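Basis for what follows: all heavy atoms, side chains included, without hydrogens, waters or symmetry-related copies. Just follow the structure's listing: the first ligand is 1, and inside any ligand the first atom is 1. In what follows, residues are counted from 1 in the order of the sequence shown. As the structure is a computational prediction, the values presented were derived from the model and not from experiment.
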Amino acid sequence: MGNILILGGGFGGLIVAERLAAAVGGSNQITLVSPSKKFTFYPALVQLAFDECDESEITFDLREKLNRIGVRYIQGEALRIDKAERTVEITGPDINGEIRFDHLVIATGRHLATDTVEGFFEYAHHLLGTKAARRFGQAVENFTSGRIVVGLSPDSRLPVPVCETAFALAKKFAGKIAAGEVYITVVFPGSLSEAFGGAQLHQQLEAAFAKHRINVLYDVPINDIREGEFFSSKKHRIEYDLLMLIPSFRGQALFRGAGIADENDFVMVNDKMQVHGLEHAYAVGDIVAFSGPKFAHMAVRQAEVAARNLIAELNGESPSEHYYHEIATVVDAGGADSIYLHYGIWDDSLYRLKQGRFWGWAKDVHDAWWQARNR
Ligand SMILES: Cc1cc2nc3c(=O)[nH]c(=O)nc-3n(C[C@H](O)[C@H](O)[C@H](O)COP(=O)(O)OP(=O)(O)OC[C@H]3O[C@@H](n4cnc5c(N)ncnc54)[C@H](O)[C@@H]3O)c2cc1C
C-alpha cells in the first residue's frame, strides 16, 4: 500500500483527492493536509462582498467531504519538505511532526505578498477570503460619496474579480455616478492584455467600462499606499476614499528550501504536472510556475492531468497525459456586457471572445453546480 500525500484543500487538492480516491483509493492511503477545515469557492467572493450570497453557500466542511470519499484529512500546514527522506514536516492541531510519502501532490495555492506594497495592510481592502470580502462589502455599504479605486498590485495574477468588482460597484452606485457624487476607477499595473496573459479583450472590456462610467488606468504599478492617496513606481499620485486591491502573488517559501521552486517560490513542473527535481511528485493550481493569470479552471484541469498521470504510475504505466495552458473565463459585467474569453496562453492562435447576457448567467449556473456537487 502506497502513501499519497496531498498538500492543500482548494480546487486543485480536492479534485486530485476525488480522482485518486475513485481510482486507487482501495489500495493506497490517501492523506490531504490543509490548514483550513473549510473549502472556499473563491470565484463567488465578489458576490459575497455585495451580499448576493451567504457564506454558507460558498464554503463547506472539507473533513466531511473527504471522509465521504475515503481520504484522510489532517488539519495542518506543511513547513518543510525533506527530499532525501521523502517526508513533509507538518504543524497544526492534528499533528506536529513528519509525514512520509511515496507520492506527493502540491496544491497549496499562492502566498499573498501584501508586504510588497507599502501601506497595503493598513489602508487597502482585498477579497481573498470570506472575512476580507465581507469587510470590503461593509465598507461599500457605508460608502456615501467620493472615489472608489479597485485594482491589481504588481505581480498580482487575478484580473477577473477586479473587473467584476468594478461592474458591481457601478451597478450599486449608478445613480450617484450619474450625479457626479461617486467615481469608480480601475487600476492595472501594466496593460490589460498583460493582465489577461496576452489575450486581446480591451475593445470589449473598455467599451463595457465606458458604458458603466468606470475609468480605467493602465501602467500604474502601485508601490506605496497612504491614507487617502497612493503612489506608483512610475510617479503617479492617485487619491481614493475607498481602495480594494488584489495583492501581489508569490509561491511558498517552503518550496524554495526544497529546491523545486523558481525565484518567486512557484513550483516548477513540466506539462505532465510533474515537479522538477522530485520524483513521483506533482504540483497543480496557483502554486505552479506557469505564466499569466491564475484561474480555478486551470487548477481543476491541472489536477485532472496530475491525477491521471499519478494513477498511471501506480498501475505501473508511463504517465502520458499533457496539460495545455489556456484561459476560459467569464467576466460577469452583470448583464449584456458580460464577456466569455477562451485564449491559449501557450498558443495564441486559440482565441475566442463572446459577449452577452448569457455569459453572466452561465457563470452563475456553473458556480451553483460546483457548490451543489460538494454538498
Ligand atoms: C475573489 C476571487 C475571485 C476569483 N474569481 C475566479 C473566477 O471567476 N474564475 C476562476 O476560474 N478563478 C477565479 N479565482 C481564482 C481561483 O479561485 C484560484 O485560481 C483557485 O482557487 C486556485 O486553486 P488552488 O487549489 O491552486 O488554490 P486554493 O483554492 O487557494 O487552495 C489552496 C489550499 O492550500 C492550503 N494551503 C495553503 N498553504 C498550505 C500549506 N503550507 N500546507 C498545506 N496546505 C496549505 C489552503 O488552505 C487551501 O486549502 C478567483 C479568486 C478570488 C480570490
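When the heavy-atom distances from atom 48 (C) of ligand 1 to Ala132, Gly109, Gly9 are ranked, the shortest goes to Gly9. With Leu254, Leu127, Leu158 as candidates, the residue nearest to atom 50 (C) of ligand 1 on a non-hydrogen basis is Leu158. Within the set Phe255, Tyr42, Phe41, the minimum heavy-atom distance to atom 17 (O) of ligand 1 is found for Tyr42.
Ligand 1 is approached by Val160 to a heavy-atom distance shorter than 4.0 Å. Arg110 counts as a contact of ligand 1, since one of its heavy atoms falls under 4.0 Å from the ligand. Contact analysis leaves Val46 out of contact with ligand 1, as no non-hydrogen atom separation drops below 4.0 angstrom.
Of the N and O atoms on the side chains of Thr91 and Glu77, not one donor lies less than 3.5 Å from an acceptor on the other residue.
Taking 4.0 Å as the cut-off between side-chain N and carboxylate O, Asp94 and Arg63 count as a salt-bridged pair. In summary, Glu98 and Arg86 do not engage in a salt bridge, as defined by a charged side-chain N under 4.0 Å from a carboxylate O.
Between Phe120 and His126, the angle of the ring planes lies from 30° to 60°, which puts this pair in the tilted group.
Taking any N or O of Gly285, backbone or side chain, none lies under 3.5 Å from an N or O belonging to ligand 1. Where the criterion is an N or O separation shorter than 3.5 Å, residue side chain and backbone included, Gly12 meets it with respect to ligand 1. For Ser34, a nitrogen or oxygen atom sits less than 3.5 Å from a nitrogen or oxygen atom of ligand 1, counting backbone and side chain alike. Residue Gly76 places no N or O, backbone or side chain, under 3.5 Å from any N or O of ligand 1.
Only the side chain of Gln252 comes within 4.0 Å of ligand 1, counting heavy atoms alone; its backbone N, CA, C and O stay farther away.
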